[in-house]
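Everything on this sheet refers to the single structure shown next.
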Amino acid sequence: MENNMESEKKSLNFIEAIIKEDIESNKNGGRVHLRFPPEPNGYLHIGHAKSICLNFGLAEEYGGKCNLRFDDTNPVKEDVEYVDSIKEDIKWLGFKWDGEPKYASDYFGKLYEWAVKLIKEGKAYVDDQPQELISEQRGVPTRPGIESPYRNRSVEENLDLFERMKKGEFEDGSKVLRAKIDMSSPNMHMRDPIMYRILHAEHHRTGNEWCIYPMYDWAHGQSDYIEGITHSLCTLEFEIHRPLYDWFLDQIVEGDYRPRQIEFARLNLSYTVMSKRKLLQLVEEGIVNGWDDPRMPTISGLRRRGYTPESIRNFADRIGVAKRDNVIDVGLLEFSVREHLNKITDRMMAVLNPVKLIITNYPEGKVEDVELINNPEDENSASRKVPFSKVVYIERDDFMENPPKKFFRLGPGREVRLKGAYIVKCEDYKKDENGNITEIYCTYDPETKSGSGVSRKVKGTLHWVSAEHAINAEVRLYDRLFKDEDPAGHKDVDFKEFLNPESLKILKDCKLEPSLADAEPGDKFQFQRIGYFCVDKDSKPGNLVFNRTVPLRDSWAKKSK
Ligand code: ATP
Ligand code: MG
């Protein structure tokens, strides 16, 4: 896999090849201008991140520009909350749009003028039939559709009706404006597509100024044209719309410049649902705690989970762009964040499921500072002092009453090293009435302090936190939200049937080394031997909350084997 990625990187992908050719032939004056066109009807997800990295990335690569354009043609589902979150997410990923953000709604006036022009040229008409009937008359690709009885209205009548539609004289759904193209085209999108519908709804930007709204196909290409976009990238499902994209442009283009639509495969991730509708459902039904729940594939969820912009950009680079739909293993996304966090995070001591270990021969009241290097991956890493004392916490899992041979951690009569400190030997332990271990008693060998040069072979090294100095924290262990590889891909089963009941485990009594007391929301760490963690936005001094980003190793890879 690694080799493939390398060689892919060197050769241009098909979009780069097109852009390069266009520059060389001086098409559109050699300009490169892209856009990212989200509809503000939800939060952005990792699929959008792919599109963002692609569009903004190409603009950077070819010295071009990239617009942010809100595709806000559907007032019913759209909201400023989404507009704001989208801007924040793009900035966080490290991209900058050209000029001010743009809005398709800014072009409603121009689109209306162009629609009037089409009517005057006999290329658009008002249809009084309900939308269902219009769809029915379109028929099937193999046979011509049925022409609307209103198709041959006079230009004057169409102009009058269209103006009155705009003025609000008609009810929602009672009329539409259609392009007059070809009711027998094998491409269903060319069978007199709807350009405008009536919607008496308040728009988050234009308020009540408009009660007719353009359809996506009529708005998109014209917006591209208004903005001088040269390469209009979209996902494969729009390939079939391309002839219509071009037909609409044919009606309005003056001069040499025109935008070109290019399709690429959308990102699909295993164990993930990516449809905004389904994500909205998870939020509205309270299955997750909001759009930024760390289990959501949204950019805000990934950010809260502890993902870095670099890890997401690296992921987007790795997966590249293709012309065919495929599914990417979510493990690759997790790999990308692990890889980056491994480089940048300090290694800290944190015990998530604590049990007390008492060193019986260690002096009461004595505290030693143990020196630990912050990040061994970083040559210039600083180190810090961590207090060690007679009573420490270790992980419950690191002790077994009757350990099997291969268990290299602590058990009766066994020796381990406490990281950065001493070798200890388990002499005894205590249990409560339910058989749970409550205390472990050890002796230590004072000769074996780390760095003293005196050592002997022990198989295990455990992390620990001095009980007296420990700070408490809540730790939220997040895992994949779905336990099925393709939760949305089952025909008769709802995707929510495949929720992973263990996607969130909350541990309330975790013990951390004292240097974590000042950690602030967003700070990221490796907890030694456990995984990567970040401070949650709910965290407060004295009431720390950490999220697990990913475990140190991919536990799902093992499971599926
Ligand atoms: P909707 O169904 O609401 O239209 P959408 O996923 O198409 O949802 P948009 O806001 O229209 O959402 O998408 C903005 C841009 O992001 C579009 O250019 C779209 O092609 C791209 N995009 C959306 N989902 C993905 C994905 N999974 N992979 C790559 N690009 C995507
Ligand atoms: Mg869309």
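In each ligand, atom 1 is the first atom listed, and ligand 1 is the first ligand listed. Atom set for the values below is all heavy atoms of this structure, side chains included, hydrogens, waters and symmetry mates excluded. By convention here, the first residue in the shown sequence is residue 1.
Ring to ring, Phe482 and Tyr271 are not that close: their centroids are 6.0 angstrom or more apart. Aromatic rings from Tyr225 and Phe248 are positioned such that their centres are separated by 6.0 Å or more. For Phe14 and Phe264, the ring centers sit 6.0 Å or farther from each other.
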Show me the side-chain donor-acceptor pairs of residues 109-116 shorter than 3.5 Å, one per line, residues at least two apart or across chains.
residue : atom : partner : partner atom : Å
Lys110  : NZ   : Glu113  : OE1          : 3.4

Side chains of residues 138-145: which donor-acceptor partners sit under 3.5 Å, not counting sequence neighbours?
residue : atom : partner : partner atom : Å
Arg138  : NE   : Arg191  : O            : 2.8
Arg138  : NH2  : Asp192  : O            : 3.1

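Neither the backbone nor the side chain of Asn268 has any atom closer than 4.0 Å to an atom of ligand 1 (non-hydrogen atoms only). Of all the heavy atoms of His45, the ones lying under 4.0 Å from any atom of ligand 1 belong exclusively to the side chain. Of all the heavy atoms of Phe238, none lies under 4.0 Å from any atom of ligand 1, so neither backbone nor side chain is involved. Contacts with ligand 1 closer than 4.0 Å are made by heavy atoms of both the backbone and the side chain of Arg266. With a 4.0 Å heavy-atom cut-off, ligand 1 is reached by no atom of Ser275.
How far CH2 of Trp92 is from CG of Leu44: 11.5 Å, rounded to the nearest 0.5 Å.
Considering each of Pro40, Pro37, Gly47, Gly42, the one bringing a non-hydrogen atom nearest atom 26 (C) of ligand 1 is Gly47. Nearest to atom 22 (N) of ligand 1 by heavy-atom distance, out of His220, Met274, His48, is His48.
In summary, the atoms of ligand 1 found under 4.0 Å from a heavy atom of Ser51, numbered by their order in the structure, are 16 (O), 21 (C), 30 (N). Atoms of ligand 1 lying under 4.0 Å from at least one heavy atom of Thr235, given by number and element, are 20 (O), 29 (C), 30 (N), 31 (C).
Not a single N or O atom of Lys50, backbone or side chain, sits closer than 3.5 Å to an N or O atom of ligand 1. Below 3.5 Å of separation, one finds an N or O of Leu267 facing an N or O of ligand 1.
Heavy-atom distances between Asp71 and ligand 1 stay at or above 4.0 Å for every pair.
Counting only heavy atoms from C-beta outward, the side chains of Leu333 and Val337 never approach each other to under 4.5 Å.
Nearest heavy-atom pair, Val253 versus Gly255, reported as atom, atom and distance to 0.1 Å: CG1-O, 3.7 Å.
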